K.L.:
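Encoded as structure tokens, here's the structure I'll be asking about.
Every heavy atom of this structure was used, including side-chain atoms; hydrogens, water molecules and symmetry mates were not. Numbered from 1 within each chain, the chains take letters A, B, ... in sequence-line order. Nothing here was measured: the structure is a model prediction, and the numbers come from that model.
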Amino acid sequence: MRWLSKYTKAFELGFQTALEYRANFLLSLISAAYPIFIQTFMWTAIYQNSTESVVYGYTYRQMLAYTFLAGLVARIVRTGFEYEIMDDIKNGRFSTFLVKPQGYFPYRLCSFFGQKLPGLVMILGIMVIVLLSLTAFWGVAPQFYQVVAFLVTLALAVILNFLIFYCFSSVAFWIIEIGFLFEGIRIVTILLSGGIFPLEVFGTRFLQVMNLLPFQYTVSYPINVLNGKIDAAGIAQGMLVQCFWIAACWLLASVLWRWGSGRYVAVGG
Amino acid sequence: MYNLVREIKKHIVIYALFLKNSLIAQMEYRFNFIGNMSMEVGYLFVKLSYVIVVYRSGVSINGLSPDEILLFIGTFVTLTAAYAGLFMLNNFRLRSKIRDGDLDLLLTKPVSLQFMATLRQADLTLFTVDAVAGLVMVAIAWGRLGIPVNLITVGGYGGFLIISTVVSYSLFLLPQILSFWLVNTSAIAEVTDSFWDFNNMPMDIYNRWIQQIGVFVLPIFVISNFPPMFVLHKMPSIYLAWSALIPLILLLAVRLLWKQGLKNYSSASS
């Protein structure tokens, strides 16, 4: 089991890093609260002025629940390791992984999970408060199977988003300074995953295109599992699609990284 | 009076040089330039998604039609060009300049220190992307609303854009000046920067209390609401008077706080 201990160490290191910058994390939560605040007022104004009680296929309560949950789920699945990978490749630290008996992919994965853990606990705590408030004030309580399915789909969503960004981060082999591009990709993927508005807002043609891509399975799908917009059969089917995309992204990442590693030039003393 | 005009002229010439230098520095790393542009286009997509939500819902929000809301969002994007392109970078770097003693060299220059420290860097990629997109949105909304193009509307709108730019410069610089007293203000910078997005939608979506706070206490709504309110004839006279006062009040507050902070500055160089 010695091979495992080095990865548990990577997990521990990631966990410690996350705790070290806990104030940063709390502040990022405050920043995440602003769009939720703005959208809550925006949707309230839209529903108040609309003659329909259902807008874009959502009732007012469902829309507000989506807005709150989207802000939190998008925060849970969010990565950030792509900048570290860029630095590793740019500054030659990637070389150390070529000579060590340690895989770069499992190291990044374990470190990512370690960094996620404290934030995940905190956000899930907030989510429980949101759900209890929805139950207390609106009488809307998700069923037990929906909560369990949500947690499973959320775990798959975290892995899927990790793999999507692991694929994107391989671009650092070709382009050295890519930080700004990562930020552009990050914000567009949040939009495409339904992390800002439900995807139904953008029309059926857009939804058809999104059905061919993995992004909606990182934010929109887990939320719709929890808020009851997807039935049990749909949940099972969605999980299978998530697994398919995880396998596809993992395969793509392997190809891209093998190809990119061939271009790697070690720099530094 | 002659001296004042000469000083202003000198600062304008220097500012043009700052812009030129920033452009040269950015063009040196061309992929950075493209990457930067793609990042801002990403943010622009998010702002446009609000326009899509409004148009596709087809409802008037608290008396504002979708075309009118487009005018507000277009104004917000245009002003983001000034904030993100001309001020934000300087605001973020001010604390390190103070902490590392980088103001020492600037103190010796025969130009205003505040001017040098808060306007020297510009990101013309962000500026261009947002300015072009914002003005296109404003032009579309302007045409669809049938607002006449004359000296009063265009001149008034332009005048309010200048007021809004001054307000954004001062309002977002104020918290950064606290760096003269506090060692690390990165937390303040993060939170205040996110505050900018409150202008993403017209202030009419908020209740009366939030609107009054956003106009008179923490005048964030002055920035992107006043220019379109003026051309849409939706501006109460009290707001008109406030728009004349608030840039002066904020500039004065920034100047006083800057001078006070500077007394607290200690050189860190050898």
K.L.:
Starting at CE of B:Met37, measure out to CZ of A:Phe180 and round the result to the nearest 0.5 Å.
P.N.:
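One finds 12.5 Å between CE of B:Met37 and CZ of A:Phe180.
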K.L.:
Got a list of side-chain donor-acceptor pairs under 3.5 Å for residues 166-175 of chain A, not counting sequence neighbours?
P.N.:
unit_1	atom_1	unit_2	atom_2	d
A:Ser169	OG	A:Phe165	O	3.1
A:Ser169	OG	A:Tyr166	O	2.8
A:Ser170	OG	A:Cys167	O	2.6

K.L.:
Do B:Tyr43 and A:Glu183 have side chains that get closer than 4.5 Å, going by heavy atoms?
P.N.:
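Sidechains of A:Glu183 and B:Tyr43: in contact.
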K.L.:
Residue by residue, which of residues 206-228 of chain B have a heavy atom closer than 4.5 Å to a heavy atom belonging to chain A?
P.N.:
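Hits under 4.5 Å: B:Tyr206, B:Asn207, B:Ile210.
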K.L.:
For B:Ile205 and A:Phe41, work out which heavy atoms get closest and say how close.
P.N.:
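Looking at all heavy atoms of both residues, the closest pair is O-CD2, 3.7 Å.
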K.L.:
More than 12 non-hydrogen atoms from neighbouring residues, nucleotides or ligands closer than 6.0 Å to CD1 on B:Ile238, yes or no?
P.N.:
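Atom CD1 in B:Ile238 is not crowded, with 12 or fewer foreign heavy atoms closer than 6.0 Å.
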K.L.:
Which of residues 46-80 of chain A have a heavy atom under 4.5 Å from any heavy atom of chain B?
P.N.:
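Heavy-atom contacts from residues 46-80 of chain A to chain B are A:Ile46, A:Asn49, A:Ser50, A:Tyr56.
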K.L.:
Report which part of A:Ile196 has an atom under 4.5 Å of a heavy atom belonging to chain B: side chain, backbone, both, or neither.
P.N.:
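Interface part for A:Ile196: side chain.
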K.L.:
Please check if atom CZ in B:Phe45 has more than 12 non-hydrogen atoms from other residues, nucleotides or ligands closer than 6.0 Å.
P.N.:
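No, CZ of B:Phe45 has 12 or fewer neighbouring heavy atoms, counting only those of other groups under 6.0 Å.
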K.L.:
Can you pull out the residues in residues 49-73 of chain B with any heavy atom less than 4.5 Å from chain A?
P.N.:
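Those residues of residues 49-73 of chain B which have a heavy atom under 4.5 Å from chain A are B:Ser49, B:Tyr50, B:Ile52, B:Val53, B:Arg56, B:Ser57, B:Val59, B:Ser60, B:Ile61, B:Asn62.
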K.L.:
Could you measure the distance from the OH atom of A:Tyr34 to the CZ atom of B:Phe198? Nearest 0.5 Å is fine.
P.N.:
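Here the interatomic distance stands at 6.0 Å.
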K.L.:
Once rounded to the nearest 0.5 Å, what's the spacing between atom CD1 of A:Ile178 and atom OG of B:Ser38?
P.N.:
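Output value for this atom pair is 8.5 Å.
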